[in-house]
Structure formats: structure tokens, C-alpha cells
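This report refers to the structure that appears directly beneath it.
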Amino acid sequence: MLSSFSLGAEAARRHYRSHHHHLPELPATPPRALPYPQLPLPFEIPGAQYLPLAWADVKGWSEDDHLAAYKTFRASCRSINAQTGAPEPKSEYKALGASLSEPCRAAKTLELSDDAKAKTFFEENFAPLRISRLGEPDGFVTGYYEPVLEGSRTQTDVYNVPVYRRPSNLFVRGYKQDSVSLPNKGPVYRKIGRRKLVPYYDRGEIEDGKIAGRGLEIAWLKDPTDLLFAQIQGSARIKFDDGTTLRLNYDAYNGYPYTAVGRILIERGIIPREEMSMQKIREWMAQNPDGAKELRRQNRAYIFFREVNLSDKDEAVGAQGIPLTAGRSIAVDKSLHVYGTPFFIEGELPIDSERSKTPFHRLMIAQDTGSAIIGPARADLYFGAGADAGRVSGRLRHPMHFVMLVPKGLDPTARAARLPVPDPRPSQKIAKLFPQTEPAKDQAKPAAPAAAEAPGKGETVAVASPVPLPVPRPVIEPVQEPRRPVKNRSHRQQ
């Protein structure tokens, strides 16, 4: 009965409120202000482990050409200094943030021509940090280059493989369709009409002619394998019969993840892992045209290019927007690192020949990215343009030591010195403002914690009075009501 009464009363109250009263809305409670300023998060790279080092512990550091690395770093600084207070989008959420602006401002006025001074510049402005993927001792490197290909401006019987520019119906959320460069990760859509979005065509559909005849052809190549490797490298030089050269750079992709065709050949047992190289892939594709077509389509990703105004003397332009430097520029994971970050990479690579173990200890600058470059200690080394650069870069798949150069503005020790000191404990202030008499001797004293400090001489300590216990409930005997007599009722039989 009590339960039904309370539910009925609550329903009546709700009915009364909804029909007769509209209670005033209480103002929202303002968020509690923090007593200290919000400080930036400590240096952190997701999925990485790192160890601070001394310069003497960086193997091969003194043997590098620091002046060459300094010139490459200054090229990145021109882009960083040009931002004038507007950092790269989302760079503040990365480990380095905008901290490279400090050493870049220092490099702006330093026209160094001496290797020793360049070495001193890096040591005075950076701190070395050994970095690798969590649970792994080393990083991993591959190589890339700029292919030089023969082509034609018009389609012929020999040159019949189209190189496409970005289609107008390709759409990426958060970007305008005419943006200079679109990201190389995330979903990409084909816009139908004004609102409908569907996934864009994959490699097989594009090779079958889904976007042919729309005026998107920049040039024509001889071999689809040439186009595949130009798309993997992200740039290309096309030489025409009249002696002119067309420079192409990455502009967009179709939204499908990159699949390494070399890994598929290894998994199928066609090429052993220890013999895998770009040259081996080319040879197999040339000998197996039908298999090459099927293998290409396993990689559903497709790259669209744009023309760039560069001479033959200039290197390819990286994702930072500046020409790369052969032997000094690297591509890194853009979601983790900031362009312009120096990385000292040390180990042995097969540079002189396929079987050689050439010592490699070189300071490289992050100036590019790639869809296959994923992880905190993962880099693609840029070796320049042409067949020789292609042969060297095509055989690199090796573990290496990574040392990341962190600007000293991110030094954890220096950051800790700027942390505010907390206010004194409020209980001490209250004890001084409201002194209390000592409790009676017969009252039990609470046990003092072991780590508590002894009060100073002449100080009054506030002691809490014992909390009184509640009075027990009175015992009330239930009153028995007199039983009423039961009257006999006659029942009529049916």
C-alpha cells in the first residue's frame, strides 16, 4: 500500500507541475576554475619508447657531414619561419609541436660554412633521444627515388598507358575539391550529384577505363609497371622525344590502403624474402604480363599526379613543400612527427652493392611522408633521381638505429623548473587564524601519522573534537488492536 501510495503521489505531483506550474530553470553551474595554468603535456609519441642519450653515446655522430645536414635543415626552416605564428595544422598535437621554431630562428641568421660549427649548432640546440617502436630495439628504413621515364604527350601505339591528374568528382571530407594537395590517408569518395558520396574507383576499375576520355590524361607511358613504380615513389620525370621534361608530383589518391606487391610475391613463394628488391619485381612482371596485371590490382590504391614547375636540376618536391635533398631527406609518419625534425640514422645498408654492408651514420631531415610510412621509427630515405638511385633505394629494407633530435625547449628538466609551487595547506592557515585550546587530558588523543611533522615551538595546533555517536532509536512495542467479531454469512447454493 505504501509503495502504491508513493507512486501515485509522485504521478500527481508531475501532473500538477506539467499543467499548473513551470518551475524556473536553474542556471548551469560554471566549471570550476583550475588554480594553476594549463601546462602542455610532456613529450610523448604514441606507441614509442625512447631513451635520452649523451652526444658521446651516439655512435658515428662525429663522423658525419654536419654541414650538409645543416643546409638541409635550413631549407626546412624557411618553410617553418614563413608560417609567422600560424603553425602547421594539428602540429600542436604532435610531440614536438611548434618547438622547432626556436632553433629555426637561430639558424636564420647563421650562414655556416664550417662543419665543426654546424656540429656545434645541433649540439647546442638539440638533445639526442633514442627512439623505436614499443617493444622493438630498432627502427626500420626503406628507400625511394624519382623515376625518369620515357613518355609522350599524346596517345600512340607505343605509349598507351595514361597518367591521370586528379578527377573533379574526387571528394575528401574537410577539404575543398580544389585544394593544392589532399591527404594520403583516410576515406576518399566519388561525388554523385550534390550530396551522394560513394567510395572512389579502385585500381582495377581505373585501369579498365572508368575515368578514361574525360581529359584527365597528363601524359602517356609505355609500361603499366612504370606507372606503378612512379605512383609508389610519389613523383616522376617524363622525358619526351623533343628533349623536354615534364615533372610530376603526388596530388591525391583514391582512398584505398597501399598494399606492397613485393610482400605478395614473398607470401606466394615466388621471390625469397632475402632476395626481394624493386629490380626483382620488375623482372618478374616483365616475364609474366598476365600475372603482373593481377598483381597490380592487389594494390587497390591509385595515385593522381599534378604538374610542377621544376627544372631538371631541381630535386622532387616533398610533402613539406620544398625540394628534397638526395641523401639527406627522409619521409616519416606525418601523424606522429613534424616536418623539419632531424633524425640521426645509424647502421649498415647495402649501398655499394646488393651484398655489401656499407656503414651508414647520417643526420637526415624529415621533409616528406608516404602512405606506407607508419610508426615512430620508420623512414624512407630519399636517394635522388634516375636509375642508379632506383637500384640503391630498391634494395633497402633494413633495421636501423634511430636517434631523434629534440629541441632543448622540450627538455623535461627545464619544463619541470617552470611548474608552479602549490599553495600552503589550508589547514595550517585556519589553525593560525582560529587557535583552539588543548583538549582535556582524559580525552583520547588520535594517533598522529608517522609522516606528520612536529609542530614548531609556540604554535597552536587545531585538534578535531570527537564526533558524538547518534542516540539509539527508542524501542516501541507494537500495540495490538482488539479483534472484531466475525459475522456468519449465509451462502446461497447455486
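Residue numbers start at 1 and run along the sequence shown.
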* May I ask you to check whether Q367 and S329 show a side-chain donor-acceptor distance below 3.5 Å? => yes
* Asked: Do other residues, nucleotides or ligands put more than 12 heavy atoms under 6.0 Å from the CZ atom of R214?
  -> yes
* To do: Determine yes or no for a side-chain-to-main-chain donor-acceptor pair under 3.5 angstrom, with N288 supplying the side chain and D290 the backbone.
  => no
* Considering residues, nucleotides and ligands other than D242, do more than 12 of their heavy atoms fall under 6.0 Å from its CG? -> yes
* Asked: Just checking, R190 and Y201: is the charged tip under 6.0 Å from the six-membered ring centre and within 45° of the axis?
  -> yes
* Which residues share a ring-ring contact (aromatic ring centres under 6.0 Å, His included) with Y70, sequence neighbours left out -> F121
* To do: Is it possible for you to check whether R165 lies under 6.0 Å from the centre of the six-membered ring of F305, through NZ or CZ, and within 45° of that ring's axis?
  => no
* Structure fact -> Here the gap from M404 atom CE to Y50 atom OH, rounded to the nearest 0.5 Å, amounts to 9.5 Å
* Would you kindly check if the NZ (Lys) or CZ (Arg) of R328 is within the cone defined by 45 degrees around the ring axis of Y382 and under 6.0 Å from the six-membered ring centre? => no
* **Candidate pair D352 and T358, rule side-chain hydrogen bond (donor to acceptor under 3.5 Å, both in side chains), full reasoning** => CA-CA 7 Å; D352 295 337; T358 307; 3.2 Å; yes
* Asked: With under 30° as parallel and over 60° as perpendicular, where do the rings of F343 and F402 fit, or are they tilted in between?
  -> perpendicular
* Asked: Do any N or O atoms from the side chain of R237 and from the backbone of E146 form a donor-acceptor pair under 3.5 angstrom?
  -> no
* Is any side-chain N of the basic residue among D208 and R297 closer than 4.0 Å to the acidic one's carboxylate O? -> yes
* Quick one: which of I365, T369, I80, V338 gives a side chain to side chain contact (heavy atoms under 4.5 Å, CB included) with Q320? -> I80
* Short N-O contact, R130 and D138, less than 4.0 angstrom -> yes
* Basic-acidic side-chain contact under 4.0 Å: D64, R362 -> no
* Would you check if the side chain of R395 reaches a backbone N or O of I351 as a donor-acceptor pair within less than 3.5 Å? => yes
* Any chance the side chains of E123 and W61 put a donor and an acceptor closer than 3.5 Å? -> yes
* **Sidechain N-carboxylate O distance under 4.0 Å for R391, E354** => no
* **Stepwise ring pair (Phe, Tyr, Trp, His ring centres under 6.0 Å) test for F126 and F73** => CA-CA 13 Å; F126 295 90; F73 176 71; 5.8 Å; yes
* To do: Taking only Lys NZ, Arg NE, NH1 and NH2, and the carboxylate oxygens of Asp or Glu, determine whether K71 and D65 approach each other closer than 4.0 Å.
  => no
